[in-house]
Visitor: 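If you scroll down you'll find the structure; I have some questions about it.
Predicted model, so just to flag it, every value in this text is computed and none were measured. First listed ligand is number 1; within each ligand, the first listed atom is number 1.
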Amino acid sequence: MGSVDASETTVTGWAARDATGHLSPYTYTLRKTGPEDVVLKVKYCGICHTDIHQVKNDLGASKYPMVPGHEVVGEVVEVGPEVSKFRAGDVVGVGVIVGCCRDCRPCKANVEQYCNKKIWSYNDVYTDGKPTQGGFASAMVVDQKFVVKIPAGLAPEQAAPLLCAGVTVYSPLKHFGLMTPGLRGGILGLGGVGHMGVKVAKSMGHHVTVISSSNKKRAEAMDDLGADAYLVSSDADQMAAAADSLDYIIDTVPAKHPLEPYLALLKMDGKLVLMGVIAEPLSFVSPMVMLGRKTITGSFIGSMDETEEVLQFCVDKGLTSQIEVVKMDYVNQAFERLERNDVRYRFVVDVGGSNIEDAACTCS
Ligand SMILES: NC(=O)C1=CN([C@@H]2O[C@H](COP(=O)(O)OP(=O)(O)OC[C@H]3O[C@@H](n4cnc5c(N)ncnc54)[C@H](OP(=O)(O)O)[C@@H]3O)[C@@H](O)[C@H]2O)C=CC1
Ligand SMILES: O=C/C=C/c1ccc(O)c(O)c1
Ligand SMILES: [Zn+2]
Ligand SMILES: [Zn+2]
């Protein structure tokens, strides 16, 4: 952390200034630590495809300067007087949301990610009127409700992708009653979220089929991740042979794509769970869902309870994420490589081990 005055702490983050999405050092202040706030020194932060959508203004609502990053693991350095769950030295995580109204139906049901007044960890405005800024920064201050403890047995860099990618696949499997061993699941798009999908679903005892845009990841999917089958979505013969075979598909594709080829893979009552953030209409003809009583649904990250659950699930099952750890000055190259589908399977930035104030990056 940087200089401290009586009330606010100055920090450095790496921010996008416009929709080019290029990140560079940016100095701003954290709010004064409130009674329920936890101040954390960031150690690691994963790069999610949503960070690309946000810095590049794919959804048309981006505000700059924007420090992205919502798979944040850090060490507690200060807590407010009413914080009971955490103390200095704890290793903790922060994900996609840092606030909610606490009064609406989703909040009362502990699914605060569906609160219409939720506050995003970046590209949003906090209750004090300050912009929220994410985890590619030296420190964050976060309400204790939105902080989770990283359990012993999980390395901090390993935990980072679980705070978005991990809980994003765990939550719909739990919510839609898809944790039963023996189910046949499909993971469409083998990236950061998808690879956690394979690992989590396999640990639940499912038969897992990866559905990918190319053959490039076949050996890795089967040998390293433990998938049971692999389909290339453009191979009509493979797709036809797999028709009517899956109980669910977790669709992580981050761009417009047809749904009908995947609906055809589902059995009667099968579920297509949309995960990708796509700002264009998707289409299908109604018989594709009527004939088979199929469901097209979606799911958004997971609750704070589910975030704690998935962390413990990974400890209990011995699950790790497959990551490439990079320094902060590589972040722009990492974003570019993620955008061109060139990472196995999640970048995690070693924020704590980087000279975060150094603007000299190795990017072209
Ligand atoms: N709903 C939610 O709560 C969450 C949503 N997301 C969203 O999910 C999506 C995936 O995120 P993430 O896993 O981080 O992204 P990644 O880029 O890591 O993975 C996406 C995968 O989809 C496939 N893919 C990429 N582009 C295309 C394309 N144009 N057409 C077909 N397939 C493609 C690739 O897999 P392959 O090589 O196998 O084809 C790629 O690895 C993003 O839109 C992200 O914003 C992320 C987290 C939470
Ligand atoms: O990566 C986590 C966030 C996902 C997300 C899902 C839906 C949406 O509209 C977003 O802006 C982000
Ligand atoms: Zn994410
Ligand atoms: Zn609410």
Side-chain angles (χ1 to χ4, degrees), residues 16 19 21 44-63 66-73 93-127 132 134-136 143 145-146 148 159-172 189 191-197 200 250-256 273-282 297-307 310-311 321 323 331 334-335 338-339 343 345-349:
Y44 292 98
C45 185
I47 307 179
C48 175
H49 205 111
T50 303
D51 296 324
I52 297 180
H53 295 312
Q54 295 288 18
V55 297
K56 297 217 158 176
N57 197 20
D58 288 352
L59 298 169
S62 296
K63 293 186 188 64
M66 178 201 298
V67 177
H70 60 248
E71 290 183 340
V72 192
V73 174
V94 176
V96 174
I97 70 167
V98 293
C100 66
C101 83
R102 299 166 196 242
D103 199 36
C104 67
R105 190 167 70 96
C107 282
K108 286 186 168 151
N110 292 325
V111 282
E112 57 287 320
Q113 74 272 30
Y114 296 114
C115 172
N116 287 332
K117 293 182 182 159
K118 67 184 159 298
I119 302 175
W120 302 79
S121 47
Y122 67 87
N123 198 38
D124 207 343
V125 177
Y126 202 66
T127 50
T132 57
F136 298 119
D143 185 305
K145 179 176 171 62
F146 300 94
V148 292
L162 306 179
L163 299 163
C164 177
V167 73
T168 291
V169 293
Y170 181 85
S171 177
V193 176
H195 98 288
M196 285 313 306
V200 168
I250 302 281
D251 177 348
T252 77
V253 172
K256 184 167 180 167
V273 187
L274 298 178
M275 297 293 186
V277 176
I278 302 164
E280 291 172 84
L282 303 177
T297 185
S299 185
F300 172 59
I301 48 168
S303 64
M304 296 314 298
D305 288 348
E306 287 167 334
T307 306
V310 78
L311 289 165
S321 51
I323 58 175
V331 72
F335 268 62
L338 174 60
E339 194 164 23
V343 54
Y345 287 92
R346 202 53 139 193
F347 282 113
V348 174
V349 179

Visitor: For Met196 versus Leu162, what's the shortest heavy-atom pair and its separation?
Guide: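 Looking at all heavy atoms of both residues, the closest pair is CE-CD2, 3.4 Å.
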Visitor: Which of the numbered atoms in ligand 2 are below 4.0 angstrom from a heavy atom of Cys164?
Guide: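 Near Cys164, meaning under 4.0 Å from one of its heavy atoms, ligand 2 has 1 (O), 2 (C).
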Visitor: Is it the case that more than 12 heavy atoms not belonging to Lys117 sit under 6.0 Å from its NZ atom?
Guide: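 Count not over threshold, so no.
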Visitor: Give the numbers and elements of all ligand 2 atoms closer than 4.0 Å to a heavy atom of Val96.
Guide: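 Taking each heavy atom of Val96 in turn, ligand 2 has 2 (C) under 4.0 Å.
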Visitor: Hey, which atoms in ligand 2 end up nearer than 4.0 Å to a heavy atom of Cys48?
Guide: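 Heavy-atom distances to Cys48 below 4.0 Å select 1 (O).
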Visitor: Which label fits Phe335 and Phe136: parallel for a plane angle under 30°, tilted from 30 to 60°, or perpendicular past 60°?
Guide: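 Rings of Phe335 and Phe136: perpendicular, as their planes differ by over 60°.
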Visitor: Rounded at 0.5 Å granularity, tell me how far NZ in Lys118 sits from SG in Cys101.
Guide: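 SG of Cys101 is found 10.5 Å from NZ of Lys118.
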Visitor: Counting heavy atoms only, which part of Gln54 comes closer than 4.0 Å to ligand 2: side chain, backbone, both or neither?
Guide: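 For Gln54, the contact with ligand 2 is made by the side chain alone.
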Visitor: Which residue owns the protein heavy atom closest to atom 6 (C) of ligand 2, what's the atom, and how far is it?
Guide: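 Protein heavy atom with the smallest distance to atom 6 (C) of ligand 2: Val277 CG2, 3.4 Å.
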Visitor: Could you give the distance from NZ (Lys108) to CG (Asp103), rounded to the nearest 0.5 Å?
Guide: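 Interatomic distance, Lys108 NZ to Asp103 CG, rounded to 0.5 Å: 4.5 Å.
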Visitor: Given the Zn ion (ligand 3) as the apex, I'd like the angle to SG of Cys164 and NE2 of His70, rounded to 10 degrees.
Guide: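 Nearest ten degrees: 110°.
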Visitor: Between the Zn ion (ligand 4) and Cys104, is there an N, O or S atom separated by less than 2.8 Å?
Guide: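 Cys104 does place an N, O or S atom closer than 2.8 Å to the Zn ion (ligand 4).
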Visitor: Look up atom NZ in Lys145 and atom SG in Cys107, then write down how far apart they are to the nearest 0.5 Å.
Guide: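 Separation between the atoms: 6.5 Å.
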Visitor: Under 4.0 Å from any heavy atom of Leu59, which atoms of ligand 2 are there?
Guide: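 Near Leu59, meaning under 4.0 Å from one of its heavy atoms, ligand 2 has 11 (O).
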Visitor: Please write down residue, atom name and distance for the protein heavy atom closest to atom 10 (C) of ligand 2.
Guide: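 In this structure, atom 10 (C) of ligand 2 has Trp120 CH2, 3.5 Å as its nearest protein heavy atom.
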Visitor: Asp143 side chain to Val98 main-chain N or O, any donor-acceptor pair under 3.5 Å?
Guide: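 Answer holds: no.
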Visitor: Does the shortest distance from the Zn ion (ligand 3) to an N/O/S atom of Cys48 fall below 2.8 Å?
Guide: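 Yes - counting backbone and side chain alike, Cys48 has an N, O or S atom under 2.8 Å.
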Visitor: If you have a sec, work out which protein heavy atom is nearest atom 2 (C) of ligand 2 and how many Å separate them, to one decimal?
Guide: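 Its nearest protein heavy-atom neighbour is Thr50 OG1, 3.4 Å.
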Visitor: Does only the side chain of His70 get under 4.0 Å from ligand 2, or the backbone, or both, or neither? Count heavy atoms.
Guide: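 The answer is the side chain of His70.
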Visitor: Enter the distance from Ser171:OG to Glu306:CD here, rounded to the nearest 0.5 Å.
Guide: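 Rounded to the nearest 0.5 Å, the OG-CD separation comes to 3.5 Å.
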